[in-house]
There are 2 protein chains.
Amino acid sequence: MAVTGPGGTPARERVHRAAVRLFATKGFHGTGIRDLAKAANLSSASLYHYMPTKERLLADIMRSSLQSLLDAALAELDGLDDPVERLDRLVVLHVTRHAREPMRTRVVDNEVDALTPASRRDVVGIRDAYEKLWSDALDDGLRSGVFTTTRPATTRLALLDMCNGVARWFSPGGELGRNDLAEHYADLARRLVGAPPRPPR
Amino acid sequence: MAVTGPGGTPARERVHRAAVRLFATKGFHGTGIRDLAKAANLSSASLYHYMPTKERLLADIMRSSLQSLLDAALAELDGLDDPVERLDRLVVLHVTRHAREPMRTRVVDNEVDALTPASRRDVVGIRDAYEKLWSDALDDGLRSGVFTTTRPATTRLALLDMCNGVARWFSPGGELGRNDLAEHYADLARRLVGAPPRPPR
DNA sequence: GCGGCCCGATCAATCGATCGATAGACCAGA
DNA sequence: TCTGGTCTATCGATCGATTGATCGGGCCGC
C-alpha cells in the first residue's frame with residue numbers, strides 16, 4: 001500500500017488535492033507541472049504515475065465533482081413531488097456543497113474551456129443533467145401556480161448564478177456557518193421565484 | 001495617423017479588442033502572445049508598440065472597464081436619494097453593460113488573480129468603490145424599512161453574483177434584448193431584497 | 001532623411017512530458 | 001532461509017516545443 005509521504009496522506013490523494021487548490025487559485029493554464037509537483041511533495045516525473053496528462057487530471061476532477069453533485073441531488077429529490085420542496089432541497093444541497101468545497105467548485109465553474117472537446121462533452125453533459133433538475137422543479141412550480149415569473153428561463157439562470165456565486169467568496173472562517181448560509185439562500189430562492197416564504201423555525 | 005489594417009481599424013484598438021476576446025474565451029494564461037498577434041493582424045514584435053507587457057495590457061483592460069462602470073454608476077445615482085430607485089438604476093446599468101460587453105466583463109470577473117500585486121490593488125480598489133454603491137443603497141433601504149432581509153451582507157453578495165452571471169451566458173442573438181433583460185433583473189432584484197414590485201409599464 | 005510602424009530572427013526561460021535507473025516490498029521455488 | 005524475479009514508487013536528467021520579450025533593420029509618408 002502507498003501510505004508514505006509526510007503526513008501519511010497517499011500520494012495519489014496529495015496530487016488530487018494540490019491540483020484542486022492550484023487550479024482554483026491560479027487557474028489551469030497558470031499552474032505549471034512543477035508547481036503541482038512541489039505542492040504534492042513529488043518530482044514532476046513522479047506526478048505522471050498518478051495522472052496520464054495534466055488535462056486529464058483536470059477533467060477527472062471536474063467529472064467526479066459534478067457526478068457526485070448530481071448523484072446527491074438525485075438521492076435528495078427521490079420520491080419528492082412538491083416543486084417548492086424540491087427547490088428548497090436543491091438550493092440547500094447546492095449551497096452547502098459550494099461552501100464546503102469552494103475550491104473544487106471554482107475549478108468546475110471556471111475551467112470548462114481548458115478542457116479538450118472530448119472531455120468538455122462529458123463534463124457539460126453531466127452539468128446539463130444536473131441543471132435539468134432545477135428546470136424541472138421550476139417548470140412544475142410554474143405550472144401549478146406556486147411560482148410566478150414572467151421569464152422562466154432567465155429566472156432559472158439568475159437563480160443558478162446566485163447560488164454558484166457562493167464558491168467565489170465563501171470562506172470557512174466567516175461569521176456565517178454553512179448550514180445557516182444554505183438556509184438563507186433557500187429563503188432568497190423562494191423570493192426570486194415568487195414562492196411563499198418558508199415557515200420560521 | 002495609424003489607420004491602416006484591413007477594415008480601417010487602428011492597430012491599437014485591434015490589439016485591445018483581440019485581447020478582450022481571447023482573454024475572455026481562453027483565459028489570460030491560455031492566450032499566447034502569438035495568438036494575440038494573429039488575432040490583431042500584427043507580428044508578435046509589433047504588439048509591443050501598443051503594450052508594455054502582456055500583463056499590463058490585461059491590467060489596462062480591467063482598469064478602464066471598471067472605471068467606466070464606476071463613472072457611469074456615479075452619474076446615474078447623482079442626486080438620487082430613494083434607495084429603491086438607486087437599486088433599480090444600479091441593476092439596470094450593471095445588467096445592460098454586462099449584456100452589451102460580456103467578453104470585457106468576463107475578463108474583469110475571472111482574471112483578477114492573473115494580475116501582479118500592484119495592478120491587483122488598483123483594480124480591486126475600483127471594484128470596491130463600485131460595490132460600495134450597492135452596499136449603501138441596500139443599507140439605506142434597510143434602515144428606512146423599504147428593504148427586508150435577515151442577512152444584509154449575504155444578500156448583497158447574492159444580488160451581485162446574480163447580476164454578474166449575465167456576462168457568462170448572455171449572447172446578443174438571444175430571444176431577450178438587453179433592455180428587457182435589464183428590466184427583468186430589476187424585478188428580480190426587488191424580490192430578493194423584499195422591496196415592493198415595480199409598477200407595470 | 002527623419003520618425004512612426006512594422007517585421008523576421010532570435011533570446012533565455014519555462015512548458016508538458018519522457019527517459020532510464022534505483023530502491024524497496026512482495027512472492028515463488030529451492 | 002536464501003535467491004531470483006516482478007511490481008510499485010520514486011527520481012534526476014533531459015527532450016522538443018513554446019513561452020514572453022528583445023533587437024536590429026526595413027518600409028513609407030512627410
Side-chain angles (χ1 to χ4, degrees), chain A residues 1-23 25-62 107 111 113-119, chain B residues 1-23 25-62 107 111 113-119:
Chain A
M1 288 285 275
V3 279
T4 38
T9 317
R12 167 159 268 108
E13 195 182 323
R14 295 204 314 274
V15 172
H16 212 267
R17 278 219 248 267
V20 168
R21 201 183 78 237
L22 291 175
F23 291 168
T25 54
K26 311 175 35 169
F28 175 74
H29 291 299
T31 302
I33 221 67
R34 289 160 185 82
D35 303 329
L36 188 52
K38 185 173 296 183
N41 258 82
L42 284 173
S43 74
S44 66
S46 303
L47 227 47
Y48 284 83
H49 278 265
Y50 302 101
M51 63 184 206
T53 269
K54 196 180 89 157
E55 189 270 340
R56 286 277 290 272
L57 175 63
L58 172 67
D60 282 349
I61 289 174
M62 296 182 67
V107 174
E111 303 295 340
D113 40 39
L115 295 170
T116 61
S119 301
Chain B
M1 285 284 276
V3 279
T4 39
T9 317
R12 168 161 267 107
E13 195 182 325
R14 295 205 311 275
V15 172
H16 211 266
R17 278 220 249 266
V20 168
R21 202 184 76 237
L22 291 175
F23 291 168
T25 54
K26 313 175 35 169
F28 175 74
H29 290 299
T31 302
I33 220 69
R34 288 158 185 82
D35 303 328
L36 188 53
K38 185 173 298 183
N41 259 81
L42 283 174
S43 75
S44 67
S46 303
L47 227 46
Y48 285 83
H49 279 265
Y50 303 101
M51 62 183 207
T53 268
K54 197 179 88 159
E55 188 271 340
R56 287 277 290 272
L57 174 63
L58 172 67
D60 281 350
I61 290 174
M62 297 182 67
V107 174
E111 304 296 339
D113 40 40
L115 295 171
T116 61
S119 301

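Chain letters run A, B, ... following the sequence lines, proteins first and then strands; every chain starts at 1. This is a predicted model, so every value here is computed, not measured.
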(request) Could I get the full list of side-chain contact (heavy atoms from CB on, under 4.5 Å) partners for A/Ala18, not counting sequence neighbours? (result) A/Leu36, A/Ala39, A/Ala40

(message) Between B/Asp60 and B/Met51, does the side-chain contact (heavy atoms from CB on, under 4.5 Å) criterion hold? Intermediate values first, please.
(response) CA-CA 9 Å; B/Asp60 281 350; B/Met51 62 183 207; over 6 Å; no

(message) Let me spell it out: for each of B/Thr31 and A/Arg12, pick the nucleotide of DNA chain D with the closest heavy atom. Which residue's pick is nearer the 5' end?
(response) A/Arg12

(request) Examine C/dA17: is either OP1 or OP2 under 4.0 Å from a nitrogen or oxygen in the side chain of A/Thr53? Give yes or no. (result) yes

(request) For the residue pair B/Arg17 and B/Glu13, establish whether any side-chain heavy-atom pair is separated by less than 4.5 Å. (result) yes

(message) Given C/dG16, D/dC11, D/dA21, identify the nucleotide with an atom nearest to the side chain of A/Ser43.
(response) D/dC11

(message) Nearest whole Å is fine: how far is D/dT18 C1' from A/Lys54 NZ?
(response) 13 Å

(request) Round to a whole Å and report the spacing from CD1 of B/Ile33 to C1' of C/dC11. (result) 15 Å

(request) Specify the closest pair of heavy atoms between A/Phe28 and A/Lys54, including all atoms of both residues, with the distance to one decimal. (result) O-NZ, 3.0 Å

(message) If you only use heavy atoms from C-beta on, which nucleotide in C/dC7, D/dC11, C/dT10 is closest to the side chain of A/Ser46?
(response) D/dC11

(request) Look at A/Asp113 together with B/Lys26 and state whether they make a salt bridge at an N to O cut-off of under 4.0 Å. (result) no

(request) Give the rounded distance in Å between these two atoms: NE2 of B/His29 and C1' of D/dG20. (result) 12 Å

(request) Kindly give the heavy-atom pair with the smallest separation between A/Thr53 and A/Tyr48, and that separation in Å. (result) CA-CE2, 4.4 Å

(request) Work out which heavy atom in B/Gly27 is nearest to a heavy atom in B/Glu111; give both atom names and the distance. (result) CA-OE2, 3.3 Å

(message) Tell me the interatomic distance from B/Leu47, atom CG, to C/dC7, atom P, rounded to whole angstroms.
(response) 10 Å

(message) Without decimals, in angstroms, what is the distance between B/Arg34 CZ and C/dG8 P?
(response) 12 Å

(message) Output one letter per nucleotide in nucleotides 22-30 of chain D: B when a protein non-hydrogen atom lies under 4.0 Å from the base, S when only the sugar-phosphate is that close, - when neither is.
(response) BB-------

(message) Tell me the closest heavy-atom pair linking B/Val107 and B/Val20, and the distance in Å.
(response) CG2-O, 3.7 Å

(request) Find the distance A/Asp35:CG to C/dT14:P and express it as a whole number of Å. (result) 11 Å

(request) Specify the closest pair of heavy atoms between A/Leu58 and A/Ala114, including all atoms of both residues, with the distance to one decimal. (result) CD2-CB, 3.9 Å

(request) Could you state the atom-to-atom distance from CG of B/Leu57 to P of D/dA21 in whole Å? (result) 10 Å

(request) Only stems of 3 or more consecutive Watson-Crick or G-U pairs count here, both distances under 3.5 Å; name the ones for DNA chain C, or none. (result) C:1-30 with D:1-30

(request) Specify the separation, in whole Å, of atom NZ of A/Lys26 and atom P of C/dT14. (result) 13 Å

